[in-house]
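Structure record follows, encoded as structure tokens.
So you know, we letter chains A, B, ... as the sequences are listed, proteins then strands, and number each from 1.
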Amino acid sequence: MADTGLVETLLRRVEKVDGGLDSQDVATSLGVDHQAIVGAVKSLLALGDVISADQRSSKHWELTGEGCEIAEQGSHEARVVSSIPEEGMPQSQLMKLAFGKVGFSKAMSNKWIRLDKGHEGGPRIFKTVEHLEDLVRDKLLLVQKGQASQLEEKEKNELKKRKLLSEVTVKSYWITKGSCFSTTITKQETELTPEMIASGSWKEKKFKPYNFEALGVAPDCGHLHPLMKVRTQFRQIFLEMGFTEMPTNNFIESSFWNFDSLFQPQQHPARDQHDTFFLSGEQLGVSVYKYDWKIEEAQKNILRTHTTAVSARMLYKLAQQEKFTPVKYFSIDRVFRNETLDATHLAEFHQIEGVVADYGLTLGDLMGILHQFFNKLGITKLRFKPAYNPYTEPSMEVFSYHEGLKKWVEVGNSGMFRPEMLLPMGLPEGVTVIAWGLSLERPTMIKYGINNIRELVGHKVNLQMVYDSPVCRLDS
Amino acid sequence: MPTVSVKRDLLFHALGRTYTDEEFDELCFEFGLELDEITSEKDIISREQGDTKAEGASDVILYKIDVPANRYDLLCLEGLVRGLQVFKQKMEAPRYRRVSPASSEPQRLVITEETTAVRPHAVAAVLRNITFTQERYDSFIELQEKLHQNVCRKRTLVAIGTHDLDTISGPFTYTAKPPGDIRFKPLNQAKEYTAQELMSLYKTDSHLRHYLHIIEDEAVYPVIYDSNGIVLSMPPIINGDHSKISLNTKNVFIECTATDLTKAKIVLDMMVTMFCEYCEEPFTVEEAEVVYPDGRTCQYPELAYRKETLSADFINRKVGISESTEHIAQLLTKMCLRSEVMSDGEQIEVEIPPTRSDVIHACDIMEDAAMAYGFNNIPRTTPRTYTIANQLPLNKLSELLRQDLAAAGFTEALTFALCSQEDIADKLLKNISETRACRISNPKTAEFQVARTTLLSGLLKTVAANRKMPLPLRLFEISDVVLKDESKDVGARNNRRLCAVYYNKSPGFEVIHGLMDRVMQLLEIKPGQGNGYHIQAADGCVSPVTICGEMDGLKDHRGMKRECRGVED
């Protein structure tokens, strides 16, 4: 609350005038700082409709510090003339004065002084006029008295160039009476206190209304990363569908499980240096599985390029059971590609994978299960395109209709594992394994409207994005 | 996935009807192709080199079609049209025949012993009385390039050479010689070069320089001569200029040299089956005889038709449909797999043509039946597989802790598992040899030198990138690091970690200490020596700016290890 005395003074002034008054004028006539009046206006506005105030702005001319000095003591050139005695003065001495340099050149151009370069003992200055009119000072005095309008624009601009004048914009309020105008004000309470309740004084008090336009105070809390929020939802969906989580906590994998076991020949392009990160150094482990065609190639350790390597390990484990039992597996974890990075590709990303193994599964079953899975993500329109994948046959790309883009977009890949992969593992004939995969980043980017993957993952993300990300409900 | 570019109007002419872009896209989708882009030469040049360069270029509409990587029979206009026409039942799949020359001995290609060391295999065939047009000729050249890039693995496995047979005379010799002894005028050059000179000439050739490494370091280079000593080609680099084919060429001699014989046979079959429709007697290919160093002879191209027998029941059961045997045989025939119902009414005899080298197992035939039926016509069913879901205990605990760490006011960071060696060693004042880090042998940049051994570096980098945010920053991450472990089959294992950082103007060690106490409380571990937890200063507690309270020796049955660090500004 501003100074109560000032507020009341202001109200009395408003009461006296018919139309309204300008806050700047009030400040001038009361001889107080304009900001104090602004404070009073704002606190009156907060009380309701006591007064109304419209903001307006006006421009006016003001003297600068140097301008003030001149208005008081005269222009530099006038002071130069008045400081030179009849017998003249050495130029070097004049230059030592604070106003010497500027004053000298101006006085020279006004022809108020002359310079005798050849004078004995160095250049000397003499005055050439006795009386002079200090026009600069006169003009500044006019501005100081608030009569700047008497000067021509050209004159004002010239003084502005000399940094003696400046044009300032003044914001002020035009104050008029409000519908509940009164010269006495009651202070409004902001909070209800226990004392008010105890004494019953709350009945008489006026309470300040809440400002619903402003934001509240942000709670002091931690936040989960949006990609991890989406991961939680995908885990939830798989668990709802009866899928068991696979142990994918092994980023480093042998080429055997990553490629050979998945029927990817050793000359397959995916095994190129260009696509896969190979581990250097001694081969510490010895692969237990004999692969009689270039075993060295199969033993090369790599950063896994897909989590399907883990699915293969799990299926092998399943095949070692005495009696086959049907399984549904899922995983969501990191995979690595030695790729060129851009707005949609990083060297590491998260792969989501689902696998079902049972007797007699059909391609129709795979499509049915995908339909249910994507339904839980809020995607209902699906269609399937034949595709090629070395370890699945048939292979299908999954497309969903994007309502925003008005076209079909690829949302995942799927297929039936080839018998060449399953039989050597020892799975019974007749057991079919269906599987599908997609990336975690892509649906997250769509969900949170992020176009560049680097704004979502990694240390360079803006934490504000993490703070601001909403909860993740994939089906809405 | 290879992309084939065809002229739209030419394609529609060959298909015998026009399509709207949407209709054609739909047809592609059904057939497992993807209409990737609709463009023109002019568009492509103006996009890549600017509008001025595109001036005067052709604005004939081009369809760029993505073809599955194993369908070499769809890599040119001829193959695409044949595949689609058979699929739409507008024509029957042609039958490719190998024929002997009418009035003479077959062309012979003699392989000498010397090739064993560098590129041991060769196959050959003749396209007799062929008629080229500009379009057919362009497609013929383009198919070679597509095959070179795909099944030939950039010419390492197979290289194709095509020659005007009327400019050369057999028998031909495939041999290998020291580079200094090979001398000829290569394709589109004005003078003769030795093989050595050629290798340095092509060092700067934007196209050919990619293939030089295949033979560069060999003692002898492969070369094919005719009976007069004229060089046909120096595979896998370049053909001779003498035998080059033109629009007027009538008889084409095709040779494929290889390090992989199976692939060479496939490539030769593709070349001849795709273009023999332009021969005077369509779909016939004249054989050539290959003589091996040991005197054995073989006739090529193989053009082998293989027969497989499977039951309609197998296909019905795998796909999830119940179609009659006759209908399934019809479906397969639409996919160029000519099929007949056998006498028992249940089995189907399927003939796999030489163009379909991708068909290796009954499941490949089943896929073709499903495609012909239409994936999107298959009823979607729910498997009755009954299973109980289980979470991985480690992930379950991680999920629970993440929630509680956020509830404790800490924000989750997500950092990379790969980083530079400097990040996990030098910058944390550690020696890389102490870290048990797994090193990557082929990183493209320093960002991917090692798998991280600590989460701390990622969190500190997150802080560094967010210095503009209001203080304090409270960050955590629960994720895996990778450590060398000789007891594992791959010599390394993941290790789940929790790391938290508090960043403010004052140290606030008590904040990070408090968080650790909270985590212990959540895990029901009490403070105290012995069975509980305690903090002790680590050796090499590293710099004045880092207070390090790493807690080793904490036994947790779930196998999680904690890192807990406070960082001062």
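Closest non-hydrogen pair, A/Leu303 versus B/Ile440, comes out as CD1-CD1, 3.4 Å. Shortest non-hydrogen contact noted between A/Lys460 and B/Ala465 is CA-CB, 4.0 Å. The shortest heavy-atom contact between A/Pro326 and B/Thr385 is CB-CG2, 3.5 Å. Here the closest heavy-atom approach between residue B/Asn466 and residue A/Val461 is recorded as ND2-O, 3.0 Å. Of all heavy-atom pairs spanning B/His361 and A/Pro419, the tightest one is CE1-CG, 3.0 Å. Across all non-hydrogen atoms, the minimal contact from B/Phe448 to A/Leu341 is CZ-CD1, 3.8 Å.
To the nearest 0.5 angstrom, B/Ser398 atom OG is 11.0 Å from A/Met228 atom CE. Between atom NE2 of residue A/His223 and atom CZ of residue B/Arg474 there is a gap of 9.5 Å, rounded to the nearest 0.5 Å. Taking CG of A/Leu463 as the reference point, atom CZ of B/Arg467 lies at 12.5 Å (rounded to 0.5 Å). Rounding to the nearest 0.5 Å gives a distance of 12.5 Å between CZ of A/Phe384 and CG of B/Asn377. Remark: B/Lys318 NZ to A/Leu361 CG distance equals 8.5 Å, nearest 0.5 Å. The SG atom of B/Cys363 lies 12.0 Å from the CE atom of A/Met421; values are rounded to the nearest 0.5 Å.
A salt bridge links B/Asp489 and A/Arg313; the closest N-O separation between the charged side-chain nitrogens and carboxylate oxygens is under 4.0 Å. The pair B/Asp364-A/Arg418 meets the salt-bridge criterion, since a charged nitrogen lies less than 4.0 angstrom from a carboxylate oxygen. Contact check on B/Glu399 versus A/Arg231 returns a salt bridge, with a Lys/Arg side-chain nitrogen under 4.0 Å from an Asp/Glu carboxylate oxygen.
At least one donor-acceptor pair under 3.5 Å links the side chain of B/Glu412 to the backbone N or O of A/His225.
Contact check for A/Tyr388 versus B/Asp358: no side-chain heavy atoms found under the 4.5 Å cut-off. Residues A/Phe263 and B/Ile360 form a side-chain contact, since some pair of their non-hydrogen atoms from C-beta on lies under 4.5 Å apart. The shortest side-chain heavy-atom distance between A/Phe251 and B/Cys438 does not fall under the 4.5 Å cut-off. Using a 4.5 Å heavy-atom threshold, the side chains of A/Ile252 and B/Lys488 count as separate. Two residues are said to be in side-chain contact when any heavy atoms from C-beta on lie closer than 4.5 Å; B/Thr387 and A/Phe243 fail this criterion. Taking the side chain as every heavy atom from C-beta outward, A/Asn250 and B/Val490 never approach each other to under 4.5 Å. Two residues are said to be in side-chain contact when any heavy atoms from C-beta on lie closer than 4.5 Å; A/Phe277 and B/Leu418 meet this criterion. Here the side chains of B/Gln403 and A/Leu224 are in contact, with some heavy-atom distance below 4.5 Å.
Both the backbone and the side chain of A/Glu253 come within contact range of chain B, judged by heavy atoms closer than 4.5 Å. For A/Met416, the part sitting under 4.5 Å from any heavy atom of chain B is the side chain, from C-beta outward, and nothing else. Contact of B/Ala370 with chain A is made through the side chain alone, with heavy-atom distances under 4.5 Å. Looking at A/Arg334, the atoms closer than 4.5 Å to chain B (heavy atoms on both sides) all sit in the side chain, from C-beta outward. Proximity to chain B (any heavy atom under 4.5 Å) is restricted, for A/Gln372, to the side chain, taken from C-beta onward. With a 4.5 angstrom heavy-atom cutoff, A/Val356 touches chain B only via side-chain atoms. With a 4.5 Å cut-off on non-hydrogen atoms, A/Leu227 touches chain B through its side chain but not through its backbone. Proximity to chain B is limited to the side chain of A/Leu346, based on heavy atoms less than 4.5 angstrom apart. At a 4.5 Å heavy-atom cutoff, the contact between A/Tyr467 and chain B is made by side-chain atoms alone. Proximity to chain A (any heavy atom under 4.5 Å) is restricted, for B/Ile388, to the backbone atoms N, CA, C and O. Looking at A/Asp220, only its side chain comes within 4.5 Å of chain B, counting heavy atoms on both sides. Looking at B/Asn70, both its backbone and its side chain come within 4.5 Å of chain A, counting heavy atoms on both sides. Residue contact with chain A, scored on non-hydrogen atoms closer than 4.5 Å, is absent for B/Leu459. Of the two parts of B/Pro383, the backbone and the side chain both hold a non-hydrogen atom closer than 4.5 Å to a non-hydrogen atom of chain A. If you measure heavy-atom distances from B/Ser479 to chain A, the contacts under 4.5 Å come from the side chain alone. For B/Arg493, no part sits under 4.5 Å from any heavy atom of chain A, backbone or side chain.
Evaluated for a salt bridge (Lys or Arg N to Asp or Glu O under 4.0 Å) with A/Lys385, the options B/Glu26, B/Glu34, B/Glu30 yield exactly one hit, B/Glu34. Paired with B/Thr381 under the rule side chain to side chain contact (heavy atoms under 4.5 Å, CB included), one option of A/Leu366, A/Ile369, A/Thr362, A/Leu363 passes, and it is A/Thr362.
In terms of heavy-atom pairs under 4.5 Å with chain B, the best-connected choice from A/Gln464, A/Arg235, A/Glu397, A/Met241 is A/Arg235. Note: B/Asn390 leads B/Asn150, B/Val482, B/Asn390 in heavy-atom pairs under 4.5 Å with chain A. Heavy-atom pairs under 4.5 Å with chain B were tallied for A/Thr325, A/Asp333, A/Val457; the largest tally goes to A/Val457. With chain B as partner, the option from A/Ala387, A/Pro386, A/Ser331 having the largest number of non-hydrogen pairs under 4.5 angstrom is A/Pro386. Annotation: maximal heavy-atom pairing with chain B below 4.5 Å, among A/Gly368, A/Pro219, A/Pro394, occurs at A/Pro394. For the set A/Glu348, A/Glu240, A/Lys328, the entry with the most heavy-atom pairs within less than 4.5 Å of chain B is A/Glu348.
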- Task: Could you give me the CA-CA distance, side-chain angles and deciding distance for B/Met469 and A/Asn462, then say whether side chain to side chain contact (heavy atoms under 4.5 Å, CB included) is met?
- Result: CA-CA 9 Å; B/Met469 294 295 292; A/Asn462 184 350; 3.9 Å; yes
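Annotation for B/Lys468: atom NZ does not count as buried by contact number, only 12 or fewer foreign heavy atoms lying within 6.0 Å.
The distance between the ring centers of B/Phe29 and A/Phe399 falls below 6.0 angstrom.
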